[in-house]
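In what follows, a structure is listed as structure tokens, so that the remarks can point back to it.
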There are 2 protein chains.
Amino acid sequence: MRLVVARCQVDYAGRLSAHLPLATRVLMIKADGSVLVHSDGGSYKPLNWMSPPCSVREGTTDDGAIEWTVTSKATSKGEPDTLRILIEEIHHDSAHELGIDPGLQKDGVEKHLQELLADHPATLGEGLTLVRREFPTAIGPVDLMCRDANGQSVAVEIKRRGEIDGVEQLTRYLELLNRDPLLSPVRGIFAAQEIKPQARVLAEDRGIFCAVVDYDGLRGLDDPTARLF
Amino acid sequence: MRLVVARCQVDYAGRLSAHLPLATRVLMIKADGSVLVHSDGGSYKPLNWMSPPCSVREGTTDDGAIEWTVTSKATSKGEPDTLRILIEEIHHDSAHELGIDPGLQKDGVEKHLQELLADHPATLGEGLTLVRREFPTAIGPVDLMCRDANGQSVAVEIKRRGEIDGVEQLTRYLELLNRDPLLSPVRGIFAAQEIKPQARVLAEDRGIFCAVVDYDGLRGLDDPTARLF
DNA sequence: GTGTCCATTTCGACG
DNA sequence: CGTCGAAGTGGACAC
């Protein structure tokens, strides 16, 4: 890992063309050759960057300025990427040995929500029982396939935030599933921690029931000591 | 901008919980208080981070280790975010004055594609003429509204890469537009530089024509000297 | 402000 | 290895 603070200008050419005028920025060169150009604000996204695998070639221009040319090695398809960094003045330059990172451990995303609901399907509706998680169909897996107290099939689509896309997805599943005489009639439940008003309107207009899920409450139903760290 | 290279462990709690075991990493603290934790690989995305606005409080634990507590200031809705960085050993620590950045100048994204197609609608279909760009509907703007040689309305959805979502989007528009007796019947054109097979199948199954657009060719139709830099 | 849609998205899972 | 869906998505633009 090399860290450089320098007054520079940057040009990128690839899927688009982009230009950064002369200013002082942080240049981060990672061990895999990737380069990040960061300013002192914005978000975690760099102003400009080059994804690995790529290689940096260092040179000098006619007027003595330092020029880095970063080129992507293997553009599997289409456009060759190039990042050109013209350095006018270096304020800082240091290199550091970091070693490989053990990586991030996550907890709490949609997958976990799906697991919890699979263990407690009745929280979505009285008498609901699980038939299968990730129930396969020709156009993708249905998150939960259940059966209600009357034995009717119920397809459940789970999202963290319920938006219009999720309703469309469930609608496609229902349309397909209802062509199967062994399953039909299949009704739908759209389950999410939070459901956007527009998504709710669309869902209910299509006869899909909306279930707002209490993630922390569900967790409480499980063993509360069984946590990651 | 402060740059720290340190052996540290990191815990995040917010919309999810995440943990980084002890390892050497780069910590970037921006002027707005945001913090980025970078390893020596991956992409431009940090292993963990805190978005602005937030504030860093520096302290020490009972066993003498340095502890940074980063808290988000204004969580407009819901979950308070916290990033805790426990530092065991500092390898490097420097601060730099960067100043405000003039920002990135871009060229070549979907907006430009839309402009080009608006100028040359006939490349999408014989005799097509533009009625309006960003044609407003209750569920969002249609990229291009055109009329064909027979005077029939044509709704065009433009993407850089045509995927299933775009077909769904255009389908919703068409469904709505076809309820308007002044416009109906409206047909659809799905235009993209590249159209995924599944999206093409879905589109054509719904009677939507797929147009693969040659971006560079369209550019050539325009004045080739009128470019950004 | 809310809603919608794009992104040099990146990332992970699955077939 | 490609495809597909999610993201602590972030950011821009319209209403």
Side-chain angles (χ1 to χ4, degrees), chain A residues 12-18 34-37 42-52 54 70 72 75-83 103-104 106-114 134 136 138-141 143 157-161 163-166 168-169 192 196-199 201, chain B residues 12-18 34 42-52 54 72 75-83 103-104 106-114 133-143 157-161 163-166 168-170 172-173 192 196-199:
Chain A
Y12 167 77
R15 300 190 215 179
L16 56 70
S17 303
S34 58
V35 178
L36 280 63
V37 181
S43 65
Y44 65 72
K45 196 177 181 178
L47 290 169
N48 218 324
W49 72 93
M50 191 65 113
S51 301
C54 61
V70 191
S72 64
T75 43
S76 58
K77 224 179 197 174
E79 317 92 356
D81 287 13
T82 317
L83 191 70
L104 190 67
K106 276 188 185 181
D107 172 37
V109 265
E110 185 192 308
K111 192 175 166 183
H112 195 199
L113 198 58
Q114 195 193 100
E134 301 284 348
I139 55 171
D143 288 340
E157 177 64 34
I158 303 168
K159 297 281 176 208
R160 197 170 65 78
R161 277 183 309 181
E163 297 178 19
I164 219 159
D165 286 9
E168 294 288 13
Q169 194 180 339
K196 294 287 172 70
Q198 299 208 359
V201 169
Chain B
Y12 167 77
R15 299 192 214 176
L16 57 69
S17 303
S34 57
S43 66
Y44 67 69
K45 195 176 181 180
L47 290 169
N48 219 324
W49 72 92
M50 192 64 114
S51 301
C54 62
S72 64
T75 44
S76 59
K77 225 177 199 175
E79 317 91 357
D81 287 12
T82 317
L83 190 71
L104 190 67
K106 277 187 185 181
D107 173 35
V109 263
E110 184 192 307
K111 193 174 166 184
H112 195 199
L113 198 59
Q114 194 192 102
R133 260 180 66 190
E134 302 282 348
F135 182 89
T137 78
I139 54 172
V142 178
D143 286 342
E157 176 64 34
I158 304 167
K159 296 283 177 209
R160 196 169 64 80
R161 278 183 306 182
E163 296 177 20
I164 217 159
D165 285 9
E168 294 289 13
Q169 196 181 340
L170 180 52
R172 287 199 298 274
Y173 290 144
K196 294 286 171 71
Q198 298 207 358

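Here is how names work: the chains are called A, B, and so on, in the same order as the sequence lines, proteins then strands, and each is numbered from 1. Predicted model only: the values in this text are computed from it and were never measured.
- Residues satisfying the side chain to side chain contact (heavy atoms under 4.5 Å, CB included) test with B/Arg161, not counting sequence neighbours, are B/Glu163, B/Glu194.
- Following rounding to the nearest Å, B/Ile164 (CD1) and C/dC5 (C1') show an atom-to-atom distance of 18 Å.
- What separates CG of A/Leu104 from P of D/dA7 is a distance of 14 Å, to the nearest Å.
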Detail all sub-3.5 Å separations between protein N/O atoms and N/O atoms belonging to nucleotides 11-15 of chain C.
residue: C/dC11; atom: OP1; partner: B/Ser43; partner atom: OG; Å: 2.5
residue: C/dC11; atom: OP2; partner: B/Ser43; partner atom: OG; Å: 3.1

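- B/Asp143 places its CG atom 13 Å from the P atom of D/dA14, with the value rounded to the nearest Å.
- Both B/Tyr173 and A/Leu83 lie close to DNA chain C; mapped to their nearest nucleotides by heavy-atom distance, the more 5′-ward contact belongs to B/Tyr173.
- Residue B/Ser51 is in base contact, counting any heavy-atom pair closer than 4.0 Å across all strands shown.
- At whole-Å resolution of the value, CG in A/Leu36 and P in C/dT10 are 11 Å apart.
- Between C/dT10 and A/Trp49, a contact under 4.0 Å exists linking OP1 or OP2 to a side-chain N or O.
- What you find for B/Glu157 and B/Gly166 is that their closest heavy atoms are CG-O, 4.0 Å.
- Residue A/Met50 is out of contact with every strand shown, counting any heavy-atom pair closer than 4.0 Å.
- The residue among B/Glu134 and B/Asp165 whose nearest nucleotide of DNA chain D lies closer to the 5′ end is B/Asp165.
- Across all their heavy atoms, B/Ser72 and B/Cys54 have their closest contact at CA-CB, 3.7 Å.
- Nucleic acid contact for A/Glu163: none, since no nucleic acid atom lies under 4.0 Å from a heavy atom of the residue.
- OP1 or OP2 of C/dC5 lies within a sub-4.0 Å distance of a side-chain N or O belonging to B/Gln169.
- Side-chain contact, B/Gln114 with B/Glu134: a donor N or O sits under 3.5 Å from an acceptor N or O.
- Atom CD of A/Glu168 and atom C1' of C/dC5 are 15 Å apart (whole Å).
- Whole-Å rounding puts the A/Tyr12 OH to C/dA7 P distance at 13 Å.
- Applying the side chain to side chain contact (heavy atoms under 4.5 Å, CB included) rule to B/Ser43 yields the partners B/Lys45; only residues at least two apart in sequence or on another chain are considered.
- Not one side-chain nitrogen or oxygen of B/Arg161 sits closer than 4.0 Å to the OP1 or OP2 atom of C/dA7.
- Among all heavy-atom pairs drawn from B/Leu83 and B/Met50, the shortest one is N-CE, 3.5 Å.
- Rounded to an integer number of Å, the gap from B/Asp81 CG to D/dG10 C1' is 14 Å.
- In this entry the distance linking CG of A/Leu16 with C1' of C/dT9 reads 11 Å, nearest Å.
- Considering all non-hydrogen atoms of both residues, B/Leu47 and A/Leu104 come closest at O-CD2, 3.6 Å.
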